[in-house]
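Read the structure below first, then the notes.
Because only heavy atoms are used, hydrogens play no part in the values below, and waters and symmetry mates are left out as well, while side chains stay in.
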Number of protein chains: 2
Amino acid sequence: MQNPLKTIFPNFSNELIATIEDNGSQQSFEAGTILMRTGQYIKNTVLILKGKIKIYREGEDGGEFLMYYLQPGQACAISMICTAKSEKSQIMAKVVEDVTVMMIPLQLMDKWMMEHRSWYEFVIETYRSRFEEVLEVVDNIAFRSMDERLEFYLKRHSDACGCSEVKLSHQEIATELNTSREVVSRLLKKMEQRGLVKLNRNQIELLK
Amino acid sequence: MQNPLKTIFPNFSNELIATIEDNGSQQSFEAGTILMRTGQYIKNTVLILKGKIKIYREGEDGGEFLMYYLQPGQACAISMICTAKSEKSQIMAKVVEDVTVMMIPLQLMDKWMMEHRSWYEFVIETYRSRFEEVLEVVDNIAFRSMDERLEFYLKRHSDACGCSEVKLSHQEIATELNTSREVVSRLLKKMEQRGLVKLNRNQIELLK
DNA sequence: AATCTACAGTAACATTTATCACAGAAGGAT
DNA sequence: ATCCTTCTGTGATAAATGTTACTGTAGATT
């Protein structure tokens, strides 16, 4: 059987893989676990091997405004960025599907950046793609109305899971878009009337 | 007289300064110039020596949603990020006060990252601070109402210029917050009644 | 089967924000 | 001074979104 790390991070060099295995610590967390809180100091960089982590911004009222999801083969850009100076986190990270991660002590970050080309490229690409994703989020809330944002949100979800069924309650969607359940219900009903989705309990099927 | 680059970028090593002078090209642009457009390929990293550049997201209706400003001693994070793979820009950059910049060919980015510790640290810090700034923007539009956003916007401006007078028309503010002038006028009037600002033509004085 | 609970639908109303319409004021140009 | 343009103030109204209150329903629990 091939090295699982190599399978998940195919671009990493063999030396880097070996170094990660020597220095990282593999850990698992159950869905619901909060891995990072706003204001907390960050001590590790996290590579996702399995499962799904939600990165969000917490509102005073308990809103969980979705920034993006982390999936296998990805890493937390925030933890990489803050790492250099052990800065405070500005976001929340919550496990949404049981995860296995590789924790890497932050002081190794800088070292590896110099020593491993494939690590350097991975970090830069992680920054870039997350920055872009966040810009897109800004676009949505700045320029789009709730119905468009909802459509975009559903598409993102179905893209992420690779299927056309989104298994979420209206309340969960409302929380992540920072609106109310009633609004989500109303808009989804309209979308159903337009033939865009089919609604079931705890499940929304995208038709187009 | 001390080297101007060293004055503006005090953390750069002397060797790095020399390298920048050898390889960069100093250029000036007038207020109003658009330095970068959404969808354009990026060919240079830009260091700001003088003046001010606005980084914003363009809406279909011509909105110019403010992300942040670039000032002397700073660099465009986007151009650094995209650089590695000559990616397309996702944002717009417009000169708001006549600038002098140092343009650095993107292929030097990676090289310098390895060779100059002070460049590496500068790049990482640039990413980090911009990411944070954008997260704060998200917070504002996701969780705050227009009156709070307006207050925050004015504070940001006065912080940036280091003075308590913000020299902008209501229309300009409205454009950057993606709302309408009337709304801005009304909210400012309320702020004036609460004793938070003093309003003049093309100028808002912050009192608290 | 009876009960309970989380989820979903919907009407009525409140609030916020956007749009339209217009009037007046400040400052520059002639 | 007169004209012009830009900026500002404000009412009236429309539209989007948030809130309250209540109903029904599916599935789980007993």
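Under the salt bridge (charged side-chain N to carboxylate O under 4.0 Å, His left out) criterion, B:Lys189 pairs with B:Glu192, sequence neighbours left out.
Defined by atom type and a distance below 3.5 Å, a donor-acceptor pair is present between the side-chain atoms of A:Ser25 and A:Gln27.
Taking every nucleotide of DNA chain C with any atom under 4.0 Å from a non-hydrogen atom of chain A, the first and last of them, 5' to 3', are C:dA6 to C:dA12.
Listed by first and then second residue, the ring-ring contact (aromatic ring centres under 6.0 Å, His included) pairs that reach into residues 155-181 of chain B are B:Tyr69-B:His157, B:Tyr153-B:His157, sequence neighbours excluded. Evaluation of the salt bridge (charged side-chain N to carboxylate O under 4.0 Å, His left out) test over residues 151-175 of chain A, restricted to residues two or more places apart or in two chains, returns A:Glu133-A:Arg156, A:Glu151-A:Arg194.
Atoms CD1 (B:Ile173) and P (D:dT8) sit 8 Å apart, rounded to a whole Å. We find that NZ of B:Lys190 is positioned 12 Å from P of D:dG11, with the value rounded to whole Å. Taking atom CG on B:Leu168 and atom P on D:dT6, their separation rounds to 18 Å, with Å as the unit. B:Glu192 places its CD atom 19 Å from the P atom of D:dC7, with the value rounded to the nearest Å. Regarding A:Leu150, its CG atom lies at a distance of 13 Å from the C1' atom of D:dT17, rounded to whole Å. Look at CD on B:Gln171: it is 18 Å from P on D:dT5, rounded to the nearest Å.
At the phosphate of D:dT6, neither OP1 nor OP2 sits under 4.0 Å from any side-chain N or O atom of B:His170.
Annotation: side chain of B:Ser185 is not in contact with side chain of B:Leu188 (no heavy-atom distance under 4.5 Å).
Where the helix from C:dA1-D:dT30 to C:dT30-D:dA1 starts and where it ends, the local axes point in directions that differ by 20°; five pairs per end, rounded to 10°.
Ring-plane geometry between B:Trp112 and B:His116 is classed as perpendicular, the angle between the planes exceeding 60 degrees on a 0 to 90 degree scale with a lower cut at 30.
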For this session: Produce a footprint string for nucleotides 18-30 of chain D: one letter per nucleotide, 5' end first; B if the base is under 4.0 Å from any protein heavy atom, S if only the sugar-phosphate is, - if neither.
Result: BBBB----BS---

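For the pair B:Arg144 and B:Phe152, the NZ or CZ position fails the cation-pi test of under 6.0 Å to the six-membered ring centre and within 45 degrees of the ring normal. Annotation: cation-pi pair B:Arg130/A:Phe131 absent, no NZ/CZ under 6.0 Å from the ring centroid and within 45° of its normal.
A salt bridge links B:Arg128 with B:Glu132: the closest approach of a Lys/Arg side-chain nitrogen to an acidic carboxylate oxygen falls below 4.0 angstrom. Contact check on B:Glu64 versus B:Lys54 returns a salt bridge, with a Lys/Arg side-chain nitrogen under 4.0 Å from an Asp/Glu carboxylate oxygen.
Of the possible donor and acceptor atoms, none in the side chain of B:Arg181 sits under 3.5 Å from a partner among the backbone N and O of B:Ser169.
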